[in-house]
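Start at 1 and go down the list; that is how both ligands and their atoms are numbered.
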Amino acid sequence: VQDTSGQSVKVSVVGASGYTGAELLRLLSKHPHVEVVSITSRKFSGKRLKDVFPHLSGSKFASLPFSELDAESVGKGSDVVFCCLPHAASFPVVKEIFESSGARIVDFSADFRFRNPETYERTYGVEHGAKELFRFASYGLPELNREEIRRSRIVANPGCYPTSVILALLPAVKSELIDRSFPVVADSKSGVTGAGRKEKLELLFCEVNESFKAYALKGHRHAPEISEKLGIDNLRFIPHLVPMSRGILSTVYFKTQAKGAELAGIYEEFYRDEPFVAVSGKPPSTSDVRGTNCCRLFIVKDERTGLATVISVIDNIGKGASGQAVQNFNVMFGFDERTGLNQIPLWP
Ligand SMILES: NC(=O)c1ccc[n+]([C@@H]2O[C@H](COP(=O)([O-])OP(=O)(O)OC[C@H]3O[C@@H](n4cnc5c(N)ncnc54)[C@H](OP(=O)(O)O)[C@@H]3O)[C@@H](O)[C@H]2O)c1
């Protein structure tokens, strides 16, 4: 364990021009132990952060220029590199940083999330070119894996949907309350930033606005991630796109013998000491957590059908990505987990 409390940690952000990179820089701007030393982008190389993202003009890193990615020099100049690249673009960069420097890495992509490379290759349909690094990586969900994160050289930040669904099911799984003879159903709705900052026909304003659709009905890549982390084989996961910028609301159903009050008590107890997960007294909205690293859960049991329903809300680029990455960073470097993450939600 590396305890750097009191010091400034040298941080680089690779792929800093995307939604998660920009949100990460917003959060790091208020982190007292962070010095951002480099930010990379191919499109905006040479431009200053504040010229690309005017909302970050007040950041302490506002005048930092974007540079082209040189993984070796980024690694050598940093204590930690946040890698905000798409899957498959990430593992070559992680490999080069890992081999050429001592920097620790928080990887936002799916490239190191699974326990083994075979599951990744099957799920993502690409050959993994850094299989030997899996043993140095841990899954970056602190509520599941805090001790491993503390020690790891590479932390694989979870997917946004998996974060919302795993947090909704974890207490029930750990308490063995789920009747495994019935499928577990996760019905998740995401805002459009979940798809990344790219020019795609189906993400145009007129295609998304005033509309609501399910997608990936034959199987979404996040289903195997959720299944592996929870040890649930019979999961049915259906994602939806909703016309909002940020936020995920997952409605998760499972069969259980436990009564509603018992379930609520177990969830409250399980998350009692977690700084970012709270059990809510009424069904939560995505605007209850927008711009934060929080997850809010609501549990209800329908005695007639025997189905428990858990509603889980997060901000997909908060607890679903960049907030979670800062939480992982705090765990890795021995800071209080809440450091830099005390935002009040932007409501409504
Ligand atoms: N958006 C979310 O809610 C969310 C949540 C959880 C996890 N994630 C994961 O986080 C990662 C980043 O997501 P995002 O939403 O920020 O994506 P994004 O908005 O599309 O940004 C991707 C970033 O990577 C750079 N980039 C793209 N292709 C590249 C390549 N081949 N080589 C080098 N750089 C490349 C882009 O900048 P240039 O083109 O300027 O180089 C940009 O800075 C992805 O792996 C995603 O799956 C996203």
Side-chain angles (χ1 to χ4, degrees), residues 12-27 38-47 49 51-53 56 65-71 74 81-97 105-114 120 123-124 126 129 139-141 155-167 188-200 203 216 220-222 225-226 239 241-242 244-250 286 289-293 295 313-328:
S12 290
V13 181
V14 170
S17 64
Y19 287 139
T20 62
E23 180 69 352
L24 178 64
L25 287 164
R26 184 177 77 90
L27 299 173
S38 66
I39 53 177
T40 81
S41 157
R42 299 163 305 174
K43 276 199 279 305
F44 300 110
S45 173
K47 295 208 161 76
L49 180 63
D51 298 327
V52 175
F53 292 122
L56 294 178
F66 284 95
S67 57
E68 287 284 348
L69 172 59
D70 173 346
V74 164
V81 179
F82 291 92
C83 206
C84 307
L85 301 177
H87 74 269
S90 199
F91 67 73
V93 175
V94 171
K95 183 175 162 73
E96 198 175 338
I97 293 169
I105 300 150
V106 179
D107 183 30
F108 281 50
S109 82
D111 291 359
F112 296 94
R113 285 184 200 152
F114 289 107
Y120 172 83
T123 306
Y124 284 83
V126 268
Y139 189 66
L141 188 68
V155 172
N157 222 45
C160 46
Y161 284 129
T163 296
S164 73
V165 176
I166 293 170
L167 292 175
S188 296
K189 305 95 188 163
S190 173
V192 186
T193 52
R197 196 175 182 224
K198 30 181 110 68
E199 295 149 19
K200 269 182 137 182
L203 301 178
H220 188 278
R221 287 158 168 174
H222 284 168
E225 185 180 330
I226 300 165
L241 192 65
V242 291
M244 58 187 186
S245 300
R246 295 165 173 244
I248 288 179
L249 188 149
S250 291
T286 53
V289 295
R290 187 183 302 148
T292 76
N293 191 47
C295 171
V313 296
I314 59 168
D315 184 326
N316 58 294
I317 47 178
K319 182 65 175 162
S322 310
Q324 181 126 278
V326 174
Q327 188 182 355
N328 281 323

**Q** Is the backbone of Ser45 close enough, under 3.5 Å, to the side chain of Ser67 for a donor and an acceptor to pair up by distance?
**A**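 The answer is no, because no donor-acceptor pair under 3.5 Å joins these two groups.
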**Q** If I apply the N/O under 3.5 Å rule, does Phe44 come out as touching ligand 1?
**A**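 It does not: no N or O of Phe44 is found under 3.5 Å from an N or O of ligand 1.
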**Q** Which residue supplies the protein heavy atom nearest to atom 9 (C) of ligand 1, what is that atom called, and how far is it?
**A**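 Going atom by atom, the protein heavy atom closest to atom 9 (C) of ligand 1 ends up being Phe108 O, 3.4 Å.
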**Q** Just by modelled atom types, is the Ser245 backbone N or O under 3.5 Å from a matching donor or acceptor in the Thr193 side chain?
**A**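 Pair found, side chain donor or acceptor close to backbone of Ser245.
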**Q** At what distance is the nearest protein heavy atom to atom 1 (N) of ligand 1, and which residue and atom is it?
**A**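 Result: Thr193 O, 2.9 Å.
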**Q** Nearest 0.5 Å, please: how far is CG in Leu49 from OG in Ser17?
**A**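 These two atoms lie 10.5 Å from each other.
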**Q** Can you tell me which residue and heavy atom of the protein come closest to atom 17 (O) of ligand 1, and the distance to 0.1 Å?
**A**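 Answer, as residue, atom name and distance: Gly196 CA, 3.9 Å.
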**Q** Which bit of Ser90 is near ligand 1, meaning a heavy atom under 4.0 Å away: side chain, backbone, both or neither?
**A**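 Within the 4.0 Å criterion, Ser90 makes no contact with ligand 1.
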**Q** As an exercise, identify every atom of ligand 1 less than 4.0 angstrom from a heavy atom of Ser41.
**A**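 Numbered from 1, ligand 1 contributes 38 (P), 40 (O), 41 (O).
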**Q** When you measure from atom 27 (C) of ligand 1 to every protein heavy atom, which one gives the shortest distance, and what is it?
**A**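 It is Arg42 NH2, 3.3 Å.
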**Q** Verify, without hydrogens or angle tests, whether Arg26 (side chain) and Ala22 (backbone) share a donor-acceptor contact under 3.5 angstrom.
**A**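 Not confirmed, Arg26 side chain does not pair with Ala22 backbone.
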**Q** Give the residue and atom name of whichever protein heavy atom lies nearest to atom 21 (O) of ligand 1, and the separation in Å to one decimal.
**A**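 For atom 21 (O) of ligand 1, the nearest protein heavy atom comes out as Gly18 CA, 3.2 Å.
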**Q** Distance under 4.0 Å to a non-hydrogen atom of Gly194: what atoms of ligand 1 satisfy this?
**A**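 Heavy-atom distances to Gly194 below 4.0 Å select 1 (N), 2 (C), 3 (O).
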**Q** Tell me whether Cys160 has any N or O atom under 3.5 angstrom from an N or O of ligand 1.
**A**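 Between Cys160 and ligand 1 (N or O atoms, distance only) the closest approach is not under 3.5 Å.
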**Q** Working to the nearest 0.5 angstrom, can you tell me the gap between Ser38 OG and Leu69 CG?
**A**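 Separation between the atoms: 9.0 Å.
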**Q** Side chain of Ser90, backbone of His87: donor and acceptor closer than 3.5 Å?
**A**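 Judged by distance alone, no pair lies under 3.5 Å.
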**Q** Give the atoms of ligand 1, by number and element, whose distance to some non-hydrogen atom of His87 is under 4.0 Å.
**A**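 Near His87, meaning under 4.0 Å from one of its heavy atoms, ligand 1 has 45 (O).
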**Q** Closer than 4.0 Å and a protein heavy atom, does any atom meet both conditions relative to atom 47 (O) of ligand 1?
**A**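 It does not: no protein heavy atom is found less than 4.0 Å away from atom 47 (O) of ligand 1.
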**Q** Indicate whether any N or O donor in one side chain lies under 3.5 Å from an N or O acceptor in the other, for Glu225 and Tyr161.
**A**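 Result is no, nothing qualifies.
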**Q** Between Asn316 and Ser190, do the side chains contain an N or O donor and an N or O acceptor separated by less than 3.5 Å?
**A**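 Note: Asn316 and Ser190 side chains miss the donor-acceptor criterion.
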**Q** Should the proximity of Ala89 to ligand 1, defined as any heavy atom under 4.0 Å, be assigned to the side chain, the backbone, both, or neither?
**A**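 Contact part for Ala89 vs ligand 1: side chain (C-beta onward).
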**Q** State whether the side chain of Asp111 and the backbone N or O of Ala88 hold a donor-acceptor pair below 3.5 Å, judged by distance alone.
**A**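 Judged by distance alone, yes, a pair lies under 3.5 Å.
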**Q** To which protein heavy atom is atom 18 (P) of ligand 1 closest, and what is the distance rounded to 0.1 Å?
**A**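 Answer for atom 18 (P) of ligand 1: Arg197 N, 3.5 Å.
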**Q** Tell me the protein heavy atom at minimum distance from atom 44 (C) of ligand 1, and give that distance in Å.
**A**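 Among all protein heavy atoms, the one nearest atom 44 (C) of ligand 1 is Leu85 O, 3.3 Å.
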**Q** Which of the atoms in ligand 1, numbered in the order shown and given with their element, are less than 4.0 Å from a heavy-atom of Thr20?
**A**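 Every atom of ligand 1 under 4.0 Å from some heavy atom of Thr20: 1 (N), 2 (C), 4 (C), 12 (C), 13 (O), 14 (P), 15 (O), 16 (O), 48 (C).
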**Q** Which residue is it: Arg246, Arg290, Lys319? I am looking for the one with a salt bridge (Lys or Arg N to Asp or Glu O under 4.0 Å) to Glu23.
**A**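 Filter result, single survivor: Arg246.
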**Q** At what distance is the nearest protein heavy atom to atom 3 (O) of ligand 1, and which residue and atom is it?
**A**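 Looking at atom 3 (O) of ligand 1, the protein heavy atom closest to it is Asn316 ND2, 2.8 Å.
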**Q** Parallel under 30°, tilted from 30 to 60°, perpendicular over 60°: which one fits the rings of Phe108 and Phe82?
**A**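 The rings of Phe108 and Phe82 stand perpendicular, inter-plane angle above 60°.
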**Q** I'd like to check whether Thr40 has a polar contact with ligand 1, where a contact means an N/O of the residue lying under 3.5 Å from an N/O of the ligand.
**A**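 By distance alone, the answer is no.
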**Q** Could you walk me through whether Leu25 and Phe53 pass side chain to side chain contact (heavy atoms under 4.5 Å, CB included), step by step?
**A** CA-CA 10 Å; Leu25 287 164; Phe53 292 122; 5.6 Å; no
**Q** Just jot down the ligand 1 atoms closer than 4.0 angstrom to any heavy atom of Ile317, in number order.
**A**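 Every atom of ligand 1 under 4.0 Å from some heavy atom of Ile317: 1 (N), 2 (C), 3 (O).
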**Q** Which option wins on minimum heavy-atom distance to atom 22 (C) of ligand 1: Ala110, Pro158, Cys84?
**A**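 Answer by nearest heavy atom: Cys84.
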